[in-house]
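Here the structure is laid out as structure tokens; the discussion comes afterwards.
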Amino acid sequence: MAKKVLVIGACGQIGTELTMRLREMYGAEQVIASDIREGNDQLMQSGPFEQLDAMNKEQVEDVCLHYEIDEVFLMAAMLSATGEKFPKKAWNLNMDSLMNVLDLGREGKVEKIFWPSSIAVFGPTTPKENTPQHTIMEPTTVYGISKQTGERWCEYYHNKYGVDVRSIRYPGLISWKTQPGGGTTDYAVDIFHQAISKGSYECFLKPDTALPMMYMEDAIRATVEIMNADPTSIKERSSYNLSGMSFTPEEIAQEIKKNLPEFSISYRPDFRQEIADSWPGSIDDQQARKDWNWEHKYALDSMVQEMLQQLKTD
Ligand code: SER
């Protein structure tokens, strides 16, 4: 029998595209989308939807039992920039939602869990270039602290209770279908929308701020691949480093200019600069490549081409 999947946070930047991909793969009725709010028409009309609060264990459990869910993808979270404005809210949402799902795993009510971690687990004392899988992690944002703690819990639940939980440290994700919200890497999406609508962009980071990034297509494929990999190949039960590309605002602006010569960028760094400065510039993801054959496809130039093409015809 085909597996039943629940996506929590299905209306967000990653959740929307992940849900659509899983529906293509497993059949629309097999993939239950859920979120605290409704999503776009395509998502809402393409299969089942349940409104739920990821922090409410009873609600999450009811949906899992009702639909006989095998796999949960927990994509609900408050990101780095919003998290600094509402630290307690970010902590509660990010931790409670994870503990609810991990407990369902421990109780044998779901078989497999995907939970995303982030480059935000790293901090100013982490080696900045080619950041290794295992290294110093002293995050300075509440989002990073919640993700680092979450990683420890995932590993703990796997070791102590045999919970099959899998995780990736996503870099900044770039996509055209759904806008991100409240992240420090969001500039790399917004820049495209402004380039097309206004021909210019005011960036909230300095021109030379390098950050690890990835095109959404690669991130979704990585998510599906790690979930479908043989359990014995998953050696890291905290979370895997994952790398696609790395660039600065100046470099992405140059690449956009190649396609839109009139485009101009200006800079007005705000509080997000300090967050970006605490994160790595590039990531070493050898272990994901070795353990479950991860390979990225998109580089800066191919990503920019596709983003502009998709958004122009949208
Ligand atoms: N994209 C996230 C953020 O900027 C990092 O995981 O908060």
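Note that ligands are numbered from 1 as they come in the structure, with each ligand's atoms numbered from 1 the same way.
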Subset of ligand 1 atoms that lie under 4.0 Å from at least one heavy atom of Leu79: 7 (O)
Atoms of ligand 1, numbered as shown, that sit under 4.0 Å from any heavy atom of Tyr143: 5 (C), 6 (O), 7 (O)
Gap separating the OG1 atom of Thr141 from the CZ atom of Arg272, nearest 0.5 angstrom: 14.0 Å
Heavy atoms of other groups near Glu202 CD, more than 12 under 6.0 Å: yes
Protein heavy-atom partner closest to atom 1 (N) of ligand 1 - residue, atom, separation in Å: Thr185 OG1, 2.8 Å
Salt-bridge contact Asp164-Arg237 (side-chain N to carboxylate O under 4.0 Å): yes
Option of least heavy-atom distance to atom 4 (O) of ligand 1 (set: Leu173, Asp186, Thr184): Thr184
Proximity of Trp279 to ligand 1 by residue part, where a heavy atom lies under 4.0 Å: side chain
salt_bridge(Arg289, Glu295) N-O dist < 4.0 Å: no
Under 4.0 Å to a heavy atom of Ser118 - the qualifying atoms of ligand 1, by number: 5 (C), 6 (O)
Part of Ser80 with heavy atoms under 4.0 Å of ligand 1, whether side chain, backbone, both or neither: both
Validation row, ring centre Tyr240 to ring centre Trp294 under 6.0 Å: no
Salt-bridge criterion met for Glu71 and Lys112 (N-O under 4.0 Å): yes
